[in-house]
Amino acid sequence: MTGKITGQFELMATDMSPKNAALLTVGVALLTHFIFNRYEPILFAIISFLLVLVPLCLSLPFQNSYGVSSSIGLSFTIYHATLLASIAVYRLSPFHPLARYPGPVLNKLSSWWLLRIGLSGKRHVFIQDTHRRYNSDVVRIGPNELSIVDPDAVIPVLGPNGLPKGPAWDGHVRHSPIRPVISWRNVLTHSKSRRGWMRAFSTTAVKEYEPILIDRVSQLVELIKSHEGRTANLSQLFRLFTYDFMEDMAFGGGTEVMRDGDTHGMVAFLRQAVEAMAIAEAVPWLSYYIPSTFHRFYMTSLLRAQERVQKGSANKDAFYYLNNEGGMAQEPHPVLVAVEGPLIIIAGSDTTSSTLSNILWCIIAHPEVYRKLQAEVDRFYPPGESALNSTYHADMKYLDAVVNEVLRLYPTMPSNGQRASQDQGIHANSIYIPPHTSVRIHIWTMWRDPRNFYPLTESFWPERWLIAQDPSLFDGKFVHNSESFNPFSYGPASCAGRNLATKELRMVVCHLLQQVDLTFAEGYDPTEWEEKLRDPFTLQTGPLPVNVTPRIKT
Ligand code: HEM
C-alpha cells in the first residue's frame, strides 16, 4: 500500500512544475504546523518524519528541473521557512487563543526567550516588569503560557477544583511515566501518590524527626559560633545544615557535610541541578532530547533512595512512611517510592536553606527588627532555657511576623509551580484561560503589589502582620490581603512538608538569636542581595558573609 502511494507520488512528481512543487511544499508545511499545534508530538520518530523525511520526499518534484542536492536544499528551505513563518504568524495573530493578553513579542513568538531569561536567573524580575509594563494582571510570558497576579484567580487555578500541573513538570522528569508526587499531571495519580507524603509529614511523624532536628540545629549554631573572629558565609552554612538534616530525616542518616565540608560535592551538585531546572521550566520538550545536570542529579538521588528502600533504616525516617514500612496501608511499589528521592532532597533542603538565608539577611539588614526579635526570643527563652525546645515557638508572634514577611518578599518559589488547562478552558474569576494553556500565579509580583500589601509594599516591615491582627496598632491606609498569601501554595498540591519546614525555620532562628549576635562582614554591600537572587525554579541566594559574636560564652 505504502509502495503504491509512493509510486503515485513519484508519478505526480515527474509531471510537476517547480512552481507547483513549491506550492505543494508550502501546503504540506502548513499541514505540519497544524499537526504540531494540535498534537504536540515529541517522539523522535515522529519529529524526524515531520521535519526530515517529509521535506526529503517533497524534493522529488523539484528534481524535474534541478539536480538532487539543489532540490533537497530548495524543498528543505521552503518547507522549514513556511513552517517557521506559519508558527510565528499564528502566534502573533488575533486568532491565537491568547491573543487578547498582552506580552512581549519575543515571548509570544517562542519559549526560547523565556529560557534565556530563566538561565539568566532573573525570571521573577522579568515577569514582574512585564506585568508593570503592560499594567495588566494577566500577561503572556510564552507562546502558550500566562502569568496571573489577580488574587481572585488563586482558588480557581490552585484550589481543589483547579488546574492540574503544567507541561514543565513533564520536562523535569524527562517525560518519564514514573514520577515523584510533585510532577504528576494526572490529578488522580497525583492524589494517590501524595498519600505516602501525608504519612511522612503528619504531626506524629514530624514529632519523631524533632530529636534529629534539635541535634542538627545545635551542631549548626556551634559551627556558626566557631567562626568568631572570621567571616562566616551563612548561606553556605545553612545549605550544609539543611543537607545533613534532610539526609537524617529522609534516609536515616548518611552525610556529615557540616562536620567535613562538602567534600563529595553533593551540596554543590544540588545547586547546579536546581539551576538546570530552568531549562525544563521554559522548554519542557528539550529535556526529552538533551539531559541536563538536573537529570544526572535526578538519577543519582533516585539510586540513593533505592539503596535506602532496599536496606531499610533503624530510625523512623521519611522513607519509613513513604515506603509504608509500618504496614499501615497497602505497600507501594519500591520503584514508585524511590522516585520520591530527588524530590525529598530538593524540597527537604534547598527550600529551607534559602528561606533561612533570606530571614537572616532581612533581620541583619534591619537592626531594629533584629533587636525586637532577639528580645522576643529572650522573653520566651531566658538564659538557662533552651531555645531548641519548640514548646513556645508557635506562640512567638513577632517571629511569625518576620517569617511571613520574608516569605512575602522572598517566596521560595517566586514563579510558583506551573499549572495548565486541559481540553476545557476555565474562568479564573474574570480571566478566561483557554484550553491547553500553561499558567503561573506569580506570587513574587502579587505580593509586591500595593493593592495587596500597603504601605511599605516593597520594604521589609514585619509589623504589618501584627497590624493585620490588631488594626488599632496603625493609623492610616492599610491593605493586607492575607487571602492571597500562601507561601506553601494552596489546594491539593500544596506543600506536603509545611509543618516540618515551619518547625525547622523557627528552631534555627530562635536558637541562633539566643546564642549569637550577627552583623554583616566588613565590605559586604547589602544591596547585592536582591541582585544576586536567582529564580531557575526555587529561589537561589548569593553569599551572606557575617561577623559572629557569641552572646553566651561556653
Ligand atoms: C520554607 C520551606 C518551604 C516552602 C516555602 C515550600 C513551598 C512549597 C510550594 C510553594 C509548593 C507547591 C509547588 C506547586 O504548587 O507546584 C511545595 C510543594 C511541595 N513541598 Fe514544599 N516548601 C518548603 C519546604 C518543604 C519541605 C521541608 C518539604 C519536605 C521534605 C517539602 C515537600 C514538598 C512536597 C512533597 C511538595 C509537592 C506537593 C504535591 O505536589 O502534592 N517542602 N512546597
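For reference, positions follow the sequence shown, starting with 1. Predicted model only: the values in this text are computed from it and were never measured.
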Peer 1: Could you tell me whether E528 atom CD has more than 12 heavy atoms of other residues or ligands within 6.0 Å of it?
Peer 2: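 Yes, the 6.0 Å shell around CD holds more than 12 heavy atoms from other groups.
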Peer 1: For H436 and D423: C-alpha separation, side-chain torsions, deciding distance, then whether side chain to side chain donor-acceptor pair (under 3.5 Å) applies.
Peer 2: CA-CA 6 Å; H436 305 288; D423 293 338; 2.9 Å; yes
Peer 1: Does the side chain of E340 pick up a donor-acceptor pair with the side chain of W197 at under 3.5 Å?
Peer 2: yes
Peer 1: Take S484 and N452, measure what side chain to side chain donor-acceptor pair (under 3.5 Å) needs, and give me the verdict at the end.
Peer 2: CA-CA 8 Å; S484 76; N452 297 321; 4.8 Å; no
Peer 1: Side chain to side chain contact (heavy atoms under 4.5 Å, CB included) for M249 and L213? Distances and angles first, verdict last.
Peer 2: CA-CA 8 Å; M249 175 276 294; L213 181 62; over 6 Å; no
Peer 1: Please name the pair of heavy atoms, one in T255 and one in E247, separated by the smallest distance, quoted to 0.1 Å.
Peer 2: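 In terms of heavy atoms, the two residues are closest at OG1-CG, 3.3 Å.
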Peer 1: Output the distance between atom CG (L360) and atom CG (L234), rounded to the nearest 0.5 Å.
Peer 2: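 Answer for the CG-CG pair, L360 versus L234, is 5.5 Å.
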Peer 1: Out of the candidates Y398, F380, Y381, only one should pair with H393 under the ring pair (Phe, Tyr, Trp, His ring centres under 6.0 Å) rule; please name it.
Peer 2: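 Answer to the ring pair (Phe, Tyr, Trp, His ring centres under 6.0 Å) test with H393 among Y398, F380, Y381: Y381.
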Peer 1: Within this structure, what is the OG-CE distance for the pair S353 and M246, rounded to the nearest 0.5 Å?
Peer 2: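 The CE atom of M246 is 10.5 Å from OG of S353, to the nearest 0.5 Å.
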Peer 1: Please report the shortest heavy-atom distance between S357 and L544, naming the atom on each side.
Peer 2: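 Heavy-atom minimum between the residues: O-CD2, 3.5 Å.
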Peer 1: What's the spacing between F294 CZ and R174 CZ if we round to 0.5 Å?
Peer 2: 11.5 Å
Peer 1: Closer than 3.5 angstrom, by distance alone: can the side chain of D262 be matched with the main-chain N or O of V267 as a donor-acceptor pair?
Peer 2: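 Between the backbone of V267 and the side chain of D262 there is a qualifying donor-acceptor contact (under 3.5 Å).
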Peer 1: In a check of side chain to side chain donor-acceptor pair (under 3.5 Å) between T412 and each of T352, T351, T355, which one passes?
Peer 2: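 With T412 as partner, T352, T351, T355 yield a single side chain to side chain donor-acceptor pair (under 3.5 Å), made by T355.
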Peer 1: Looking only at side chains, do Q374 and D517 share a donor and an acceptor under 3.5 Å apart?
Peer 2: yes
Peer 1: State the CG-CG distance between L356 and L512, to the nearest 0.5 angstrom.
Peer 2: 9.0 Å
Peer 1: Tell me if the CZ atom of R116 is crowded by more than 12 foreign heavy atoms within 6.0 Å.
Peer 2: no
Peer 1: Before we go on, tell me: are the rings of H480 and W465 under 6.0 Å apart, centre to centre?
Peer 2: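 Centroid distance H480-W465: below 6.0 Å, so yes.
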Peer 1: Let me know which of Q128, H442, R440 forms a side-chain contact (heavy atoms from CB on, under 4.5 Å) with R123.
Peer 2: R440
Peer 1: Identify whether the distance between the nearest side-chain nitrogen and carboxylate oxygen of E325 and R308 falls below 4.0 Å.
Peer 2: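 Yes.
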Peer 1: Regarding R408 and the six-membered ring of F453, is the cationic atom NZ or CZ under 6.0 Å from the ring centre and inside 45° of its axis?
Peer 2: yes
Peer 1: When you look at Y209 and K503, which way does the side chain to side chain contact (heavy atoms under 4.5 Å, CB included) test go after all the steps?
Peer 2: CA-CA 10 Å; Y209 308 143; K503 193 180 265 295; over 6 Å; no
Peer 1: May I have the step-by-step check of salt bridge (charged side-chain N to carboxylate O under 4.0 Å, His left out) for E376 and K397, ending in yes or no?
Peer 2: CA-CA 9 Å; E376 185 180 63; K397 296 263 180 316; over 6 Å; no
Peer 1: Are D170 and K165 close enough, and set up right, to give a salt bridge (charged side-chain N to carboxylate O under 4.0 Å, His left out), and what steps lead you there?
Peer 2: CA-CA 9 Å; D170 287 333; K165 308 253 177 174; over 6 Å; no
Peer 1: What is the minimum heavy-atom distance between L343 and I182, and which atoms define it?
Peer 2: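 L343 and I182 have their closest heavy atoms at CD1-CG2, 3.7 Å.
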Peer 1: Using 0.5 Å steps for rounding, measure from the CZ atom of R271 to the CD atom of Q540.
Peer 2: 6.0 Å
Peer 1: Would one find more than 12 heavy atoms of other residues, nucleotides or ligands at under 6.0 Å from atom OH of Y392?
Peer 2: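 Result for OH/Y392: open.
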Peer 1: I need the S354 OG to L533 CG distance, nearest 0.5 Å.
Peer 2: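 Separation between the atoms: 9.0 Å.
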Peer 1: Test R216 against every option in E222, E210, E256 by the salt bridge (charged side-chain N to carboxylate O under 4.0 Å, His left out) rule and name the one that passes.
Peer 2: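 That would be E256; it is the only one of E222, E210, E256 passing the salt bridge (charged side-chain N to carboxylate O under 4.0 Å, His left out) with R216.
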Peer 1: Measure across W447 and P411 and return the closest heavy-atom pair with its distance rounded to 0.1 Å.
Peer 2: CZ3-CB, 3.8 Å
Peer 1: Going through the distances and angles, do V402 and V509 end up as a side chain to side chain contact (heavy atoms under 4.5 Å, CB included)?
Peer 2: CA-CA 10 Å; V402 167; V509 175; over 6 Å; no
Peer 1: Between E530 and R448, is there a side-chain N and carboxylate O pair less than 4.0 Å apart?
Peer 2: yes
Peer 1: Is the F520 ring parallel, tilted or perpendicular to the W361 ring (thresholds 30°, 60°)?
Peer 2: tilted
Peer 1: Give a yes or no on this: more than 12 heavy atoms of other residues, nucleotides or ligands lie within 6.0 Å of atom OH of Y289.
Peer 2: yes
Peer 1: Which atom pair, heavy atoms only, marks the closest approach of N315 to Y320?
Peer 2: O-CB, 4.3 Å
Peer 1: Using the six-membered ring wherever Trp is involved, compare the ring planes of H366 and F460 and label them parallel, tilted or perpendicular (cut-offs 30° and 60°).
Peer 2: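 The arrangement is tilted - the two ring planes meet at 30° to 60°.
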Peer 1: Is the count of non-hydrogen atoms from other residues, nucleotides or ligands lying under 6.0 Å from N161 atom CG greater than 12?
Peer 2: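 No - once you tally the heavy atoms of other residues, nucleotides and ligands closer than 6.0 Å, there are 12 at most.
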Peer 1: Taking F245 as the fixed residue, which of Q219, M258, E504 is the one that meets the side-chain contact (heavy atoms from CB on, under 4.5 Å) rule?
Peer 2: E504
Peer 1: Please walk me through it: do R194 and W184 pass side chain to side chain contact (heavy atoms under 4.5 Å, CB included)?
Peer 2: CA-CA 10 Å; R194 206 174 141 94; W184 283 113; over 6 Å; no
